[in-house]
Amino acid sequence: TFGVRGVAVVVDGVPVTEPDGQTRLDIVELGAARQVEVVRGPASALYGGTAAGGVVNVISRSPAEARGVTLRASGGSFGFQKYDATIGGVTRDGTLGGYLSGTWTESDGFRRNNTNLMKRLNLRGEWNAAARTRLTLEASTSDLDMTIPGALTETEFATAPFAAEPATVANKYGRRDVRWRAGLKLDQGVTLAGRAATVAAYGFYGGRELDHPIFQVIDQLSNDLLLGANATHTGELAGRENRLRAGVLFTRGVINAANYVNVAGARGALVSAATQTATNLEAFAED
């Protein structure tokens with residue numbers, strides 16, 4: 001209930017799905033996207049073993065598409081307000097480019113103890129070193145601060161639908177979730193057997209800090225490493241066009257988790273502590 005499972009989410013072809021198979025969408029900012037592609041069926045296996053149900057690929061705008069400064073503000077009921085800003089540019093010869101985008105989204109919710117504040121920042125830089133060589137730097141961070149109203153019975157909802165569950169207010173149920181992710185991606189064009197082929201290699205490192213007072217105070221600190229490479233070649237086989245794609249993906253995540261007694265939203269006695277590790281090595285090919 002805290003993310004997406006069975007469907008991989010990738011940004012510019014690089015997975016943001018965590019090593020344990022879950023994708024949390026906090027760090028994905030659709031305001032910086034040019035388009036979104038959805039892949040269903042067996043082809044989703046080309047994005048790793050966490051993509052059994054499909055893939056959502058968010059394709060970012062290039063620096064050339066984000067030139068200049070853009071500002072946008074929107075608002076709505078229950079205290080909803082959102083502000084977006086982007087600044088970007090490229091050199092005259094198109095060799096270097098980059099942009100920075102940020103968003104601030106806030107709402108009060110229609111119930112008590114239902115506030116939500118999300119801040120995101122995205123940085124993208126591109127170096128077109130040669131006609132068929134591009135190096136991309138990507139860095140993102142998100143900061144979520146929310147309060148949780150809890151569940152109501154049917155009778156309580158019929159009587160006071162805007163109320164919060166009393167225990168959630170007394171124990172300050174909420175979620176503070178800070179994430180960051182940064183990495184490099186190299187796209188290289190090559191020629192094999194007289195036909196064009198593309199090779200992509202990437203490495204990303206990210207982390208997360210969670211402070212989550214609910215029935216207990218959940219405290220987690222996690223770090224994720226992702227390394228991958230893939231190649232696509234289009235040629236001819238038995239007189240027909242033939243497309244071959246293959247790659248490898250390595251992910252490793254470590255979560256240091258601890259649960260405490262919830263004392264009015266603060267940490268009380270330690271209840272449990274654990275270190276959780278997930279390591280995956282995947283290889284895939286499709287012809």
Side-chain angles (χ1 to χ4, degrees), residues 1-40 44 46-63 65-66 70 72 74 80-88 98-107 116-126 136-146 175-185 200 202-210 212 220 222-228 249 251 253 255 278:
T1 58
F2 301 108
V4 179
R5 283 196 180 275
V7 175
V9 178
V10 299
V11 176
D12 300 320
V14 178
V16 294
T17 298
E18 297 170 12
D20 65 355
Q22 181 160 286
T23 305
R24 296 174 177 87
L25 302 175
D26 299 0
I27 207 167
V28 178
E29 176 49 60
L30 294 179
R34 182 182 71 207
Q35 66 193 67
V36 178
E37 297 177 344
V38 177
V39 181
R40 299 189 298 176
S44 64
L46 295 179
Y47 292 89
T50 59
V55 178
V56 177
N57 184 17
V58 180
I59 300 175
S60 303
R61 287 178 288 170
S62 68
E65 295 168 328
T70 62
R72 181 175 61 181
S74 55
F80 172 76
Q81 49 187 319
K82 183 175 183 179
Y83 306 96
D84 302 83
T86 302
I87 181 170
Y99 67 81
L100 179 69
S101 66
T103 64
W104 174 294
T105 308
E106 186 174 7
S107 66
N116 193 311
L117 173 62
M118 169 64 81
K119 294 172 283 186
R120 296 189 181 98
L121 194 64
N122 297 275
L123 172 68
R124 181 183 177 93
E126 287 186 3
T136 304
L137 165 68
E138 294 185 12
S140 303
T141 185
S142 66
D143 187 333
L144 170 66
D145 191 358
M146 64 183 293
R175 186 182 185 93
R176 178 70 188 273
D177 203 336
V178 178
R179 300 171 186 274
W180 61 273
R181 178 177 181 263
L184 292 171
K185 181 184 180 186
Y202 48 83
F204 278 77
Y205 189 73
R208 173 183 180 231
E209 296 180 20
L210 175 66
H212 190 19
Q220 293 184 356
S222 63
N223 292 278
D224 298 329
L225 172 66
L226 180 147
L227 301 171
L249 178 64
T251 56
I255 301 176

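All values reported here derive from a predicted model rather than from experimental measurement.
Side-chain contact between Asp12 and Ile59 is present, with at least one heavy-atom pair separated by less than 4.5 Å. At least one side-chain heavy atom of Lys82 sits less than 4.5 Å from a side-chain heavy atom of Asp84.
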Evaluation steps, side-chain contact (heavy atoms from CB on, under 4.5 Å), between Val10 and Val56: CA-CA 6 Å; Val10 299; Val56 177; over 6 Å; no

Begin with the C-alpha distance, continue with both residues' side-chain angles, and end with the deciding distance and a verdict on side-chain contact (heavy atoms from CB on, under 4.5 Å) for Leu249 and Tyr202. CA-CA 10 Å; Leu249 178 64; Tyr202 48 83; 3.9 Å; yes

Please step through side-chain contact (heavy atoms from CB on, under 4.5 Å) for the pair Val58 and Val28, ending with a clear verdict. CA-CA 8 Å; Val58 180; Val28 178; 4.2 Å; yes

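Atom CG of Asp20 and atom CG of Asp224 lie 8.0 Å apart (nearest 0.5 Å). For the atom pair CG (Leu144) and CD1 (Ile27), the distance works out to 12.0 Å, reported to the nearest 0.5 Å. Rounding to the nearest 0.5 Å places CG of Leu117 at 5.0 Å from CH2 of Trp104. Atom-to-atom distance recorded for Leu121:CG and Ser101:OG is 7.0 Å, nearest 0.5 angstrom. Atoms CZ and CD, on Phe204 and Glu138 in that order, are 4.5 Å from each other to the nearest 0.5 Å. Separation of atoms OH (Tyr205) and CG (Leu226) is listed at 12.5 Å; rounding is to 0.5 Å.
Sparse packing is recorded around CD of Glu209, with 12 or fewer heavy atoms of other residues, nucleotides or ligands lying under 6.0 Å away. With a 6.0 Å radius and a threshold of 12 heavy atoms from other residues, nucleotides or ligands, Arg34 has its CZ atom above the threshold. Heavy-atom contacts from other residues, nucleotides or ligands closer than 6.0 Å to CH2 of Trp180 number more than 12.
Checked against Asp143 for a salt bridge (charged side-chain N to carboxylate O under 4.0 Å, His left out), the options Arg175, Arg208, Arg179, Arg176 give a single hit: Arg176.
No donor-acceptor pair closer than 3.5 Å links the side chain of Lys185 to the backbone N or O of Gly13. The main-chain N or O of Arg120 is never found under 3.5 Å from a side-chain atom of Ser142 such that the two would form a donor-acceptor pair. With hydrogens and angles ignored, the 3.5 Å screen pairs no side-chain donor or acceptor of Asn122 with any backbone N or O of Ser140.
Looking at every heavy atom in both residues, Gly203 comes nearest to Leu227 through CA-CD2, 3.8 Å. When all heavy atoms of Tyr99 and Ala32 are compared, the closest pair comes out as OH-O, 3.8 Å. Closest approach of Gly98 and Pro63 over heavy atoms only: N-CB, 3.2 Å. What you find for Glu65 and Ser60 is that their closest heavy atoms are OE1-O, 4.5 Å.
Salt bridge absent: Arg24 and Asp177 never bring a charged side-chain N and a carboxylate O closer than 4.0 Å.
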